[in-house]
Amino acid sequence: MAQKISFLNIKGGVGKTSLLVNMGACLAYMGRRVLIVDFDAQSNASIWLMRLDRWNVLNKTPEKFLLNIFNDPSSKLSSCIQKSPIRDTDGDQVLPRLDLAPASFTLMDLEHEVHQIPGKTFYERFYEALLEVEDNYDFILFDCPPNFFYTTQCALFSSDHVLVPSNPDALSIIGFHLLVDKLAKFRSDTAERRDAAGAPKPEIIGIALNAVKPGTKIHVPLERFNAQIDRFKTQSKVSAKTHIYPDLVRHSVTVGRAVMLGIPTVLMSKQDASINLAEDYIKLTKHLLEQLGDPEPKTEDDES
């Protein structure tokens, strides 16, 4: 059964999508089968992985996007999954273990334009749709918008874990407090429905410091973050395993170039990308695997 992880922070601008895309790519390169589900109507992960030209072409067939699952109750999630969307300049697959369930801007219509089925929430409908494909993957990663609206609820209802991309600043600490409270309320409000559906109980697995600029003084923010985590643990609002990941991801302008090329930063050639940045993502991914009891990642070389 797949490990399902929501990448979520109520504070925007923390580099959430770049963290998800690159950790997903690392997991796939390490031999895991990965599905990225883009639940953010901005569609940044989808446009990044497909490139704008292919994403625009796909827009001519709305049934190929996530919103169709909610517009058409008879549709299947498998019908919108794009297999191995990362391609080189010749159109060949670059990372065959990584798939994408893409979003378009119309995903925002879920809030007001799409009708609910009486007696069944959007998140229950998505959870049922996910069951069809879940066994095809080792990891399913959800790119969530910075809110607790319907798409985020769909991701959380299906998730085992929540990974919080963050920056070492005061606003991120406030955002984390809000996230913890919102998540606790969501778990409480959906408890009966989760039990009935057999859905997991999402727990915050960790905080990943992302896009940290050189010279940033992180000592004081880290102390405040850790104090907040300890307080939440005593209140049973987070689990005992919640912690700040020991390795941070440094800020780099190469992320923007990676988006233009349509490949994760970790797959860029050494002359184009920061080797240190790739190592940051790899360390985070290995830490995640160790935390989940899967400590020995395979590489492409191991299988050749």
Side-chain angles (χ1 to χ4, degrees), residues 3-27 34-50 66 98 100-105 107-108 139-156 158-180 182-183 186 202-213 216 221 225 242 244-245 247-256 258-259 263-266 277-278 280-285 287-288:
Q3 296 272 4
K4 300 177 290 296
I5 307 173
S6 284
F7 283 61
L8 173 62
N9 193 328
I10 299 301
K11 179 183 180 295
V14 296
K16 165 183 56 66
T17 298
S18 63
L19 189 71
L20 176 144
V21 164
N22 283 287
M23 290 186 71
C26 287
L27 286 168
V34 180
L35 173 65
I36 289 177
V37 179
D38 191 354
F39 263 135
D40 192 336
Q42 294 184 81
S43 310
N44 289 336
S46 301
I47 294 171
W48 186 345
L49 294 173
M50 296 187 66
L66 273 173
L98 188 146
L100 169 71
S104 68
F105 300 151
L107 189 57
M108 67 181 68
F139 285 87
I140 299 175
L141 310 181
F142 301 105
D143 193 5
C144 302
N147 57 52
F148 258 76
F149 297 154
Y150 287 142
T151 55
T152 301
Q153 292 174 25
C154 288
L156 289 174
S158 296
S159 289
D160 304 291
H161 313 291
V162 178
L163 183 60
V164 185
S166 188
N167 300 137
D169 56 38
L171 291 178
S172 290
I173 295 171
I174 295 170
F176 180 66
H177 190 293
L178 180 59
L179 170 60
V180 169
K182 288 285 188 181
L183 181 60
F186 180 75
E203 296 280 1
I204 295 176
I205 195 171
I207 299 169
L209 297 180
N210 188 42
V212 180
K213 294 182 178 180
T216 301
F225 252 132
T242 304
I244 300 174
Y245 282 11
D247 299 295
L248 56 81
V249 176
R250 284 161 279 196
H251 176 269
S252 175
V253 296
T254 57
V255 173
V259 174
I263 58 173
T265 313
V266 294
L277 182 62
D280 292 345
Y281 289 124
I282 291 168
K283 288 178 181 178
L284 272 182
T285 305
H287 184 83
L288 174 68

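All of these numbers come straight from a predicted model, not from anything done at the bench. Sequential numbering from 1 along the given sequence is applied to the chain's residues.
With a 4.5 Å cut-off on side-chain heavy atoms, N210 and V14 do not count as touching. Residues L288 and I5 form a side-chain contact, since some pair of their non-hydrogen atoms from C-beta on lies under 4.5 Å apart. Put simply, the side chain of L163 reaches to within 4.5 Å of the side chain of M23, judged on heavy atoms. Contact annotation: the side chain of L98 approaches that of L49 to within less than 4.5 Å [non-hydrogen atoms, C-beta and beyond]. Counting only heavy atoms from C-beta outward, the side chains of V212 and P168 approach each other to under 4.5 Å. The shortest side-chain heavy-atom distance between S18 and T265 does not fall under the 4.5 Å cut-off. Residues F176 and N9 fail the side-chain proximity criterion, which asks for heavy atoms closer than 4.5 Å.
Applying the side-chain contact (heavy atoms from CB on, under 4.5 Å) test to A45 and every residue at least two apart in sequence or in another chain returns T17, V21, D38, D143. Every residue meeting the side-chain hydrogen bond (donor to acceptor under 3.5 Å, both in side chains) condition with N147, not counting sequence neighbours, appears here in chain and number order: T152.
Atom CG of L156 sits about 5.5 Å away from atom SG of C144, to the nearest 0.5 Å. Atom-to-atom distance recorded for D247:CG and I282:CD1 is 11.5 Å, nearest 0.5 angstrom. How far CG of D169 is from CZ of F225: 7.5 Å, rounded to the nearest 0.5 Å. The CG atom of N44 sits 7.5 Å away from the NZ atom of K16 when rounded to the nearest 0.5 Å. Considering CG of L179 and OG of S172, their distance stands at 11.0 Å, rounded to 0.5 Å. Separation of atoms CG (L183) and CG (L178) is listed at 11.0 Å; rounding is to 0.5 Å.
The two residues H161 and Q3 come nearest to each other via the heavy atoms NE2-OE1, 3.0 Å. S252 and T254 make their closest contact through OG-OG1, 2.7 Å (heavy atoms, listed as atom of the first residue, atom of the second, distance). Q153 and F148 make their closest contact through NE2-O, 3.0 Å (heavy atoms, listed as atom of the first residue, atom of the second, distance). The two residues S46 and A103 have their closest heavy-atom pair at OG-N, 2.9 Å. Nearest heavy atom pair, residue L66 against residue A101, reads CD1-O, 3.8 Å. What you find for N167 and L209 is that their closest heavy atoms are C-CD2, 4.2 Å.
Note on ring orientation: taking the six-membered ring where Trp is involved, the planes of F39 and F142 are parallel (angle under 30°, cut-offs 30° and 60°).
Using modelled atom types, no side-chain atom of T285 and backbone atom of K283 make a donor-acceptor pair closer than 3.5 Å.
Residue K4 is tested with L141, D160, V37 for a side chain to side chain contact (heavy atoms under 4.5 Å, CB included); the sole match is D160.
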Margin query: Checking Y150 against L107 for the side chain to side chain contact (heavy atoms under 4.5 Å, CB included) test, could you report, in this order, the C-alpha distance in whole Å, the side-chain angles of both residues, the deciding distance, and whether it holds?
Written below: CA-CA 10 Å; Y150 287 142; L107 189 57; over 6 Å; no
